[in-house]
Protein chains: 2
Amino acid sequence: MNVEQAAKQLEALGSPARLRIYRALVRAGHAGLPVRQLQERVGIPAASTLSHHLQRLVLTGLVSQERQATTLICRAVYPAMDALIGYLAEECCADERCGATGEEAA
Amino acid sequence: MNVEQAAKQLEALGSPARLRIYRALVRAGHAGLPVRQLQERVGIPAASTLSHHLQRLVLTGLVSQERQATTLICRAVYPAMDALIGYLAEECCADERCGATGEEAA
DNA sequence: TCAATATCTCAACACTTATTGAGATGTAAA
DNA sequence: TTTACATCTCAATAAGTGTTGAGATATTGA
């Protein structure tokens with residue numbers, strides 16, 4: 001995980017709409033949610049708007065999609081969030097272990 | 001911490017420039033960094049650009065500033081990042097404890 | 001007071017993003 | 001085949017963002 005990628009994922013989560021979407025998917029668990037149900041759950045009126053947000057989450061690797069006939073199942077990609085949290089904790093947190101990670105010491 | 005606030009902070013960190021700024025401040029530790037040194041360290045050419053990014057970080061509570069005569073010392077606000085990581089871990093992570101936090105069960 | 005320094009504010013521009021409706025595509029079922 | 005359904009793609013518009021130079025403000029020192 002580097003700064004660029006972390007920033008990309010943070011930006012993807014950095015909109016209330018997308019954070020709600022992601023959270024709904026996490027809560028849906030392994031089964032995931034079809035786009036339609038996701039739309040009702042997060043309260044986005046236009047399907048095209050949701051589609052747009054979903055694309056951004058998929059592009060950053062935080063969400064995956066699997067087609068089942070006509071419906072698209074969306075799922076949170078847990079390892080991606082784990083990696084992001086790990087990056088924040090290691091690179092951007094104030095614990096003792098931090099402050100000299102070395103990747104880009106400048 | 002609610003969705004709106006978390007999204008605001010994630011968005012603030014969701015630009016490579018600002019994530020670098022924040023990381024530089026974390027690494028600077030308790031002493032913090034003056035704006036000028038920060039500018040050199042993260043390689044932003046225009047002072048006005050850095051000022052703009054810093055404002056966004058300050059507005060979300062992730063960075064604080066203290067004036068010392070003419071120089072402005074910037075510091076990472078560690079508890080803010082702790083709270084953000086905590087939110088992500090509780091609300092958006094796949095551990096057993098997660099999936100039914102209840103705040104907004106929909 | 002005058003000059004130097006640190007930082008900000010402002011205005012401008014190009015670029016990106018969010019939202020939406022309309023219509024396209026693909027699947028299933030009658 | 002026709003219909004219904006799920007979702008996407010496209011085009012348009014409004015709003016927001018990033019970057020910059022020019023100039024303002026405030027502090028310090030000669």
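Remember, predicted model here, so these are calculated numbers, not experimental data. Numbered from 1 within each chain, the chains take letters A, B, ... in sequence-line order.
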**Q.** Atom-to-atom span, CZ of A:Arg67 to P of C:dG26 - whole angstrom
**A.** 10 Å
(Q) Please tell me if B:Thr70 has a side-chain N or O lying less than 4.0 Å from either OP1 or OP2 of C:dT5. (A) no
Q) Counting distance only, does the side-chain N/O of B:Gln39 pair as donor-acceptor with the main-chain N or O of B:Ile44 below 3.5 Å? A) yes
**Q.** Spacing of A:Leu88 atom CG and A:Gln9 atom CD [to the nearest 0.5 Å]
**A.** 9.5 Å
**Q.** OG-NE2 distance between B:Ser15 and B:His53, expressed to the nearest 0.5 angstrom
**A.** 5.0 Å
Q) For the atom pair CD (A:Gln55) and OG (A:Ser51), what is the distance rounded to the nearest 0.5 Å? A) 5.0 Å
Q. Which nucleotide span of DNA chain D, 5' end to 3' end, has atoms closer than 4.0 Å to non-hydrogen atoms of chain A?
A. D:dA6 to D:dT9
Q.
Let's see if you get this right: which residues in residues 11-18 of chain B place a heavy atom under 4.0 Å from DNA chain C?
A. none
(Q) Working to the nearest 0.5 angstrom, can you tell me the gap between A:Lys8 NZ and A:Leu13 CG? (A) 14.0 Å
Q | Separation of C:dT16 C1' from A:His52 NE2 (nearest whole Å) | A | 10 Å
Q. A:Leu59 CG to C:dT17 P: how many Å, rounded?
A. 11 Å
Q | B:Leu33 CG to C:dA6 C1', straight-line distance once rounded to whole Å | A | 15 Å
Q: Check whether any side-chain N or O of A:Arg67 sits under 3.5 Å from a backbone N or O of A:Leu72 as a donor-acceptor pair, and report yes or no.
A: no
Q.
What is the separation between atom CD on B:Gln65 and atom C1' on C:dC8, rounded to the nearest whole Å?
A. 10 Å
Q. Could you state the interatomic distance from CG (A:Leu19) to OH (B:Tyr87), rounded to the nearest 0.5 Å?
A. 4.5 Å
Q | Shortest non-hydrogen separation from A:Cys74 to A:Leu54 and the atoms involved | A | SG-CD1, 4.0 Å
Q: Would you mind classifying the nucleic acid contact of A:Thr49 as base, sugar-phosphate or nothing, using non-hydrogen atoms under 4.0 angstrom?
A: base
Q: Please confirm whether the backbone N or O of A:Ala24 pairs with a side-chain atom of A:Arg41, one donor and one acceptor, at under 3.5 Å?
A: no
Q.
Heavy atoms only, 4.0 Å cut-off, all strands: where does B:Ala69 land among base, sugar-phosphate and nothing?
A. sugar-phosphate
Expected rows: protein N/O vs nucleotides 12-15 of chain C N/O, under 3.5 Å:
none

Q | Gap between atoms CD and C1', on B:Gln39 and C:dT5 respectively (whole Å) | A | 13 Å
(Q) Once rounded to the nearest 0.5 Å, what's the spacing between atom CG of A:Leu25 and atom CD of A:Gln65? (A) 9.0 Å
Q: Please state how far atom NE2 in A:His53 lies from atom C1' in C:dA18, giving the value in whole angstrom units.
A: 6 Å
Q) Quick check: does any side chain N or O of B:Arg18 sit under 3.5 Å from a backbone N or O of B:Ala12, one acting as donor and the other as acceptor? A) yes
Q: Can you tell me the distance, in whole Å, between the CD1 atom of A:Ile21 and the C1' atom of C:dA18?
A: 12 Å
Q.
With a cut-off of less than 4.0 Å, is there a side-chain N or O of A:Arg56 near OP1 or OP2 of C:dT17?
A. yes
Q.
Using a 6.0 Å cut-off, check whether atom CZ of A:Arg36 has over 12 heavy atoms from anything other than its own residue.
A. no
